[in-house]
Asker: 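Sending over a structure as structure tokens; questions will come in a sec.
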Amino acid sequence: MRAISPQCSSVSAFRWLSSQAAVRVDNHRQCLTGFTNHTSHLHTEKTEPLISLIKSTSSKPHLLQIHAHLIRNSLFQDPIYFSPFLFGIALPPFHDLGYASQVFSKFRKPDVFQYNIMIRAYGMSDSPGNGFMLYQEMLRSGVSPNSLTSSFVTNCCIKIGSLFGGLQIHARILRDGHQSDGRLLTTLMDFYSSNEKYTEACKVFDEMSHRDTIAWNVLISVYMRNRRTRDALGLFDMMQSSYDCQSDDVTCLMLLQACANLNALAFGERVHRYCEEHGFDKAMNICNALITMYSRCGCLEKAFEVFKGMTEKDVVSWTAMISGLASNGYGRDAIEAFREMQRVGVSPDDQTFTGVLSACSHSGLLDEGRMFFNSMSKEFGISPNIHHYGCVVDLMGRAGMVDEAYNLINSMKVKPDATIWRTLLGACRIHHQAELGEQVIERLIELKAQEAGDYVLLLNIYSSLGDWGKVVNVRKMMKDRGIQTNPACSTIEFRGKIHEFVANDFSHPRKTEIYETLDEINQQLRIAGYVAETVAELHNVGTEEKQIALSYHSEKLAIAFAVLSTPPGTSIRVAKDLRICVDCHNFAKILSAVYSREVVIRDRNRFHHFREGRCSCNDYW
DNA sequence: ATAGGGTTAG
């Protein structure tokens with residue numbers, strides 16, 4: 001317990017120590033009396049002055065001089081002094097592991113406390129492997145680890161990504177009977193989660209006798225990493241009904257992320273209310289997460305309301321708002337927000353520029369985009385990363401400059417990833433560039449990253465050119481290479497629950513009604529001039545069920561479900577994990593007029609807002 | 001005589 005105010009005591013006592021260092025002090029007791037005289041008014045009589053001094057020192061040179069003092073007075077091997085000294089030098093703020101490991105190796109018989117300090121410090125350093133090695137050395141020298149040792153060394157294993165090491169530790173925890181320590185088990189959950197052993201992580205949670213808030217939070221993060229986003233939302237209710245924990249701000253942060261991913265506006269609003277009730281809505285990080293959630297749910301007014309209400313906005317808040325405006329199709333407003341941000345004196349970072357550049361690409365602002373791309377490194381000293389290049393490639397690709405985009409990718413200092421090639425492939429699809437499309441597919445294959453969707457794009461290019469021979473070839477290629485077509489999935493939120501649909505889905509409990517509704521919608525839309533595009537955009541690769549496959553795309557099923565289950569005039573919000581196709585785009589556009597409903601579809605790239613037969617994005621792409 | 005652990009916004 002630090003019963004003293006560290007600044008003044010350490011300085012005055014230290015001055016004394018330094019002055020005494022010059023004089024040869026060979027009597028320890030004499031030394032201590034001096035300390036007591038100088039610091040006694042600052043702490044209780046029982047506290048050792050030298051220990052207090054070590055603990056409260058806020059300057060590294062002072063600590064090193066204390067080290068010299070310990071050696072001079074043969075106190076170095078005394079754990080009373082050595083432990084706090086090691087603690088001070090090894091852990092932050094000083095965190096000098098080179099120095100710490102040297103003094104540690106000179107200490108004759110370290111006990112579990114001192115090992116713990118070192119292992120913990122290694123876990124926080126950039127050489128966490130040493131922590132694990134020290135743990136093994138500790139076992140060899142016969143020192144028994146305690147619960148904390150396991151916790152610290154598990155962190156080391158998480159950092160170095162050692163599955164085997166962690167498993168060993170888990171076994172040892174069971175052997176030593178430390179499995180009742182909830183905090184330790186929480187660390188262990190994180191370990192399994194970071195090694196993608198989600199089942200194991202959940203098992204640890206299940207076996208916990210008492211689960212506090214943080215244990216639940218870690219479980220939510222496990223679900224999120226495992227992409228079980230929907231189940232993560234379900235945990236909120238389970239947490240509420242559990243009496244020994246309460247959802248805190250961290251819970252809300254993660255849930256808001258989950259809502260953003262799922263387009264779960266109603267649930268997001270519920271979390272927002274919870275934040276208000278508990279006073280979390282004043283915190284900057286919560287507000288920033290709210291801005292993102294509302295923008296990703298296509299609700300810009302709400303996002304802006306939160307943004308406006310913030311007393312203080314940092315670069316994250318501005319970037320969230322700029323990206324939200326960008327992805328919802330308000331490119332010019334995003335740029336305006338960017339200028340405003342600089343006016344009020346917040347400096348942009350790399351992610352801000354990702355937002356600004358994506359604003360340009362989503363709104364087709366070619367010149368502005370190039371201008372920002374150049375000024376980014378010249379004026380702001382931010383070198384472009386893969387995301388920035390991706391936006392520019394998208395921008396040029398949409399403008400038809402596919403070859404220039406290809407050259408830009410090849411000239412990058414960073415290694416091109418699958419996403420950027422895929423962006424270019426999308427552009428090839430718009431501009432019917434079959435040859436370049438083939439080259440891009442090859443690049444994706446080199447990266448071992450080719451997906452069914454990529455081949456489908458290539459397929460689209462050939463079929464739009466009427467090159468049926470090549471279409472057959474691609475199909476064969478996919479078959480030979482064992483490319484699985486993962487069906488696209490659309491989700492819609494209804495009464496606080498997320499409903500999932502894939503094409504030709506028959507799993508929904510109300511499937512009969514949904515298909516009937518869809519048939520009726522199709523009839524109504526046909527009267528209004530809707531013609532299904534059956535050739536160019538065939539996502540399903542099967543040969544026989546072309547028309548059927550197309551008329552029951554996942555987004556159409558989701559829309560039909562919404563028409564069926566919500567009163568007339570209600571907005572329809574659909575999230576889709578892949579791109580929306582031309583046919584479904586037309587479908588939604590005409591439906592928005594015929595049924596007088598606002599339709600918001602978020603696909604993997606952007607939002608499509610449909611109102612009164614028009615789309616917020618100029619056209620399909 | 002005995003310090004100390006887990007989740008988290010763009």
Side-chain angles (χ1 to χ4, degrees), chain A residues 1-2 46-48 51-52 54-56 78-88 90-92 111-121 123-124 146-156 158 178 181-191 193-194 204-205 208 211-225 245 247-257 260 275 280 283-293 295-296 303 306-307 310 313-324 326-327 341 346 348-356 358 387:
Chain A
M1 186 69 201
R2 289 181 189 201
K46 283 192 176 172
T47 319
E48 267 260 34
I51 295 172
S52 305
I54 294 170
K55 286 187 193 170
S56 59
D78 189 339
I80 295 181
Y81 305 108
F82 178 69
S83 294
F85 165 68
L86 185 67
F87 189 89
L91 291 164
D111 63 9
V112 60
F113 294 105
Q114 290 131 17
Y115 273 112
N116 283 358
I117 293 167
M118 287 304 289
I119 296 169
R120 180 176 173 221
M124 295 188 282
N146 60 22
S147 204
L148 283 156
T149 322
S150 308
S151 191
F152 297 140
V153 72
T154 304
N155 275 328
C156 294
I158 293 173
H178 294 152
D181 185 334
R183 288 181 170 198
L184 175 54
L185 294 189
T186 312
T187 313
L188 211 53
M189 282 174 71
D190 198 36
F191 158 74
S193 169
S194 71
V204 173
F205 181 83
M208 286 169 79
R211 295 146 190 149
D212 64 2
T213 300
I214 299 185
W216 280 97
N217 286 350
V218 174
L219 186 66
I220 294 175
S221 91
V222 167
Y223 277 22
M224 302 270 289
R225 285 189 212 173
C245 79
S247 302
D248 63 2
D249 51 340
V250 177
T251 319
C252 293
L253 284 174
M254 291 189 290
L255 290 176
L256 288 172
Q257 265 194 326
C275 288
F280 303 151
M284 182 120 73
N285 52 0
I286 291 281
C287 289
N288 295 344
L290 281 168
I291 294 170
T292 304
M293 184 276 290
S295 345
R296 302 252 299 140
V306 175
F307 180 75
M310 291 174 77
K313 304 178 184 78
D314 68 353
V315 61
V316 180
S317 329
W318 283 98
T319 305
M321 201 61 240
I322 290 169
S323 310
S327 62
M341 163 185 177
V346 179
D349 65 9
D350 53 338
Q351 293 200 59
T352 316
F353 275 101
T354 308
V356 172
S358 84
H387 303 291

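Every chain is numbered from 1, with letters handed out A, B, ... down the list of sequences.
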Asker: In whole Å, what is the span from the CG atom of Leu253(A) to the C1' atom of dA9(B)?
Answerer: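 After rounding, the gap between these two atoms is 5 Å.
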Asker: Touch check for Met284(A), heavy atoms < 4.0 angstrom, all strands: base, sugar-phosphate only, or nothing?
Answerer: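 The residue Met284(A) makes base contact.
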Asker: Classify the side chain of Asn285(A) versus the base of dA9(B) as yes if they form a donor-acceptor pair under 3.5 Å and no if they do not.
Answerer: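 Checked by distance alone, the answer is no.
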Asker: Reckon Ile286(A) touches a base, only the sugar-phosphate, or nothing at all at heavy-atom distances under 4.0 Å?
Answerer: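 Ile286(A): no heavy atom of the nucleic acid under 4.0 Å.
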Asker: Would you mind telling me which of dG5(B), dG4(B), dA1(B) lies closest to the side-chain atoms of Phe87(A)?
Answerer: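 Selected nucleotide (nearest to the side chain): dG4(B).
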Asker: Send over the distance from Leu86(A) CG to dA3(B) C1', rounded to a whole Å.
Answerer: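 About 10 Å, once rounded to whole Å.
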Asker: Can you identify which nucleotide, out of dG5(B), dG4(B), dT7(B), has its nearest atom closest to the Asp190(A) side chain?
Answerer: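 The answer is dT7(B), which lies nearest to the side chain.
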Asker: Are Asp248(A) and Thr213(A) close enough that a side-chain donor and a side-chain acceptor fall under 3.5 Å?
Answerer: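 Asp248(A) vs Thr213(A): no donor-acceptor pair found between side chains.
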Asker: The side chain of Asp181(A) lies closest to which of these nucleotides: dA9(B), dG5(B), dG10(B)?
Answerer: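 Nucleotide nearest to Asp181(A)'s side chain: dG5(B).
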Asker: Which one, dG10(B), dT7(B), dG4(B), comes nearest to the side chain of Gln257(A)?
Answerer: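 Per side-chain heavy atoms of Gln257(A), the pick is dG10(B).
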Asker: Base, sugar-phosphate, or nothing for Thr354(A), non-hydrogen atoms under 4.0 angstrom?
Answerer: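 No contact.
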Asker: Choose from dA1(B), dG6(B), dG10(B) the nucleotide whose nearest atom is closest to any side-chain atom of Val316(A).
Answerer: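 Looking only at heavy atoms from C-beta outward on Val316(A), the closest nucleotide is dG10(B).
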Asker: Could you walk me through whether Asp314(A) and Asn288(A) pass side-chain contact (heavy atoms from CB on, under 4.5 Å), step by step?
Answerer: CA-CA 9 Å; Asp314(A) 68 353; Asn288(A) 295 344; 3.5 Å; yes
Asker: What I want to check is whether an N or O donor and acceptor connect the side chain of Asp212(A) with the base of dG6(B) at under 3.5 Å.
Answerer: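 A donor-acceptor contact between them is present.
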Asker: Give one of base, sugar-phosphate or nothing for Asp349(A), where a contact means two heavy atoms less than 4.0 Å apart.
Answerer: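 Since a base atom lies under 4.0 Å of Asp349(A), the category is base.
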Asker: To the nearest Å, how far apart are Met124(A) CE and dG4(B) C1'?
Answerer: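 Rounding to the nearest Å, CE of Met124(A) and C1' of dG4(B) are 9 Å apart.
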Asker: Let's see if you can work this out: which of dT8(B), dG10(B), dG5(B) has an atom nearest to the side-chain heavy atoms of Thr292(A)?
Answerer: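 Among dT8(B), dG10(B), dG5(B), the one nearest the side chain of Thr292(A) is dG10(B).
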Asker: Checking side-chain polar atoms at under 3.5 Å, does Asp249(A) have a donor or acceptor matched by the opposite partner on Asn285(A)?
Answerer: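 No, Asn285(A) and Asp249(A) have no side-chain donor paired with an acceptor closer than 3.5 Å.
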Asker: Please work out if Ser317(A) contacts a base, only the sugar-phosphate, or nothing of the nucleic acid, heavy-atom cut-off 4.0 Å.
Answerer: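 Nothing, no heavy atom under 4.0 Å.
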Asker: Cut-off 3.5 Å, side chains only: do Thr187(A) and Asp190(A) have a donor facing an acceptor?
Answerer: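 No.
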Asker: Could you work out which one of dG6(B), dT8(B), dA1(B) sits closest to the side chain of Asn155(A)?
Answerer: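 Selected nucleotide (nearest to the side chain): dG6(B).
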Asker: Round to a whole Å and report the spacing from CZ of Arg120(A) to P of dG5(B).
Answerer: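 It is 5 Å, rounded to the nearest whole Å.
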Asker: Please give, in whole Å, the distance from dA9(B) C1' to Ile220(A) CD1?
Answerer: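 Spelled out: CD1 on Ile220(A) to C1' on dA9(B) is 15 Å.
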Asker: Could you tell me how far apart Leu188(A) (CG) and dT7(B) (P) are, to the nearest whole angstrom?
Answerer: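 Result: 13 Å.
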Asker: Can you check whether any acceptor in the base of dG6(B) is under 3.5 Å from a donor in the side chain of Thr187(A), or vice versa?
Answerer: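 Result: no qualifying N/O pair found.
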Asker: Could I get the full list of side chain to side chain donor-acceptor pair (under 3.5 Å) partners for Gln114(A), not counting sequence neighbours?
Answerer: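 Residues passing side chain to side chain donor-acceptor pair (under 3.5 Å) with Gln114(A): Ser83(A), Asp111(A).
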Asker: Side chain of Pro84(A): nearest nucleotide among dA3(B), dG4(B), dT7(B)?
Answerer: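 Comparing dA3(B), dG4(B), dT7(B) against the side chain of Pro84(A), the answer is dA3(B).
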Asker: Arg296(A): what forms a side chain to side chain donor-acceptor pair (under 3.5 Å) with it, not counting sequence neighbours?
Answerer: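 Per chain and number, Arg296(A) pairs via side chain to side chain donor-acceptor pair (under 3.5 Å) with Asn261(A).
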Asker: Can you tell me the distance, in whole Å, between the CD1 atom of Ile51(A) and the P atom of dA3(B)?
Answerer: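 Checked: the CD1 to P distance equals 11 Å.
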Asker: Among dA9(B), dG6(B), dG10(B), which nucleotide has an atom closest to any side-chain atom of Ala289(A)?
Answerer: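 Among the listed nucleotides, the one closest to the side chain of Ala289(A) is dA9(B).
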Asker: Would you mind reading off the distance between Phe85(A) atom CZ and dT2(B) atom C1', rounded to a whole angstrom?
Answerer: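 Atom-to-atom, Phe85(A) to dT2(B), this comes out as 17 Å.
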Asker: Considering only heavy atoms from C-beta outward, does the side chain of Leu219(A) approach that of Arg211(A) to under 4.5 Å?
Answerer: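 No, side chains not in contact.
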Asker: Given dG5(B), dG10(B), dT8(B), which nucleotide is nearest the side-chain atoms of Thr319(A)?
Answerer: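 Between dG5(B), dG10(B), dT8(B), the one nearest the side chain of Thr319(A) would be dG10(B).
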Asker: Assign Leu256(A) to base, sugar-phosphate, or nothing according to its heavy-atom contacts below 4.0 angstrom with the strands shown.
Answerer: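 The residue Leu256(A) makes no contact with any strand.
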Asker: It should be established whether Gln114(A) places a side-chain nitrogen or oxygen under 4.0 Å from OP1 or OP2 of nucleotide dT2(B).
Answerer: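 So the side-chain polar atoms of Gln114(A) never come under 4.0 Å of the phosphate oxygens OP1 or OP2 of dT2(B).
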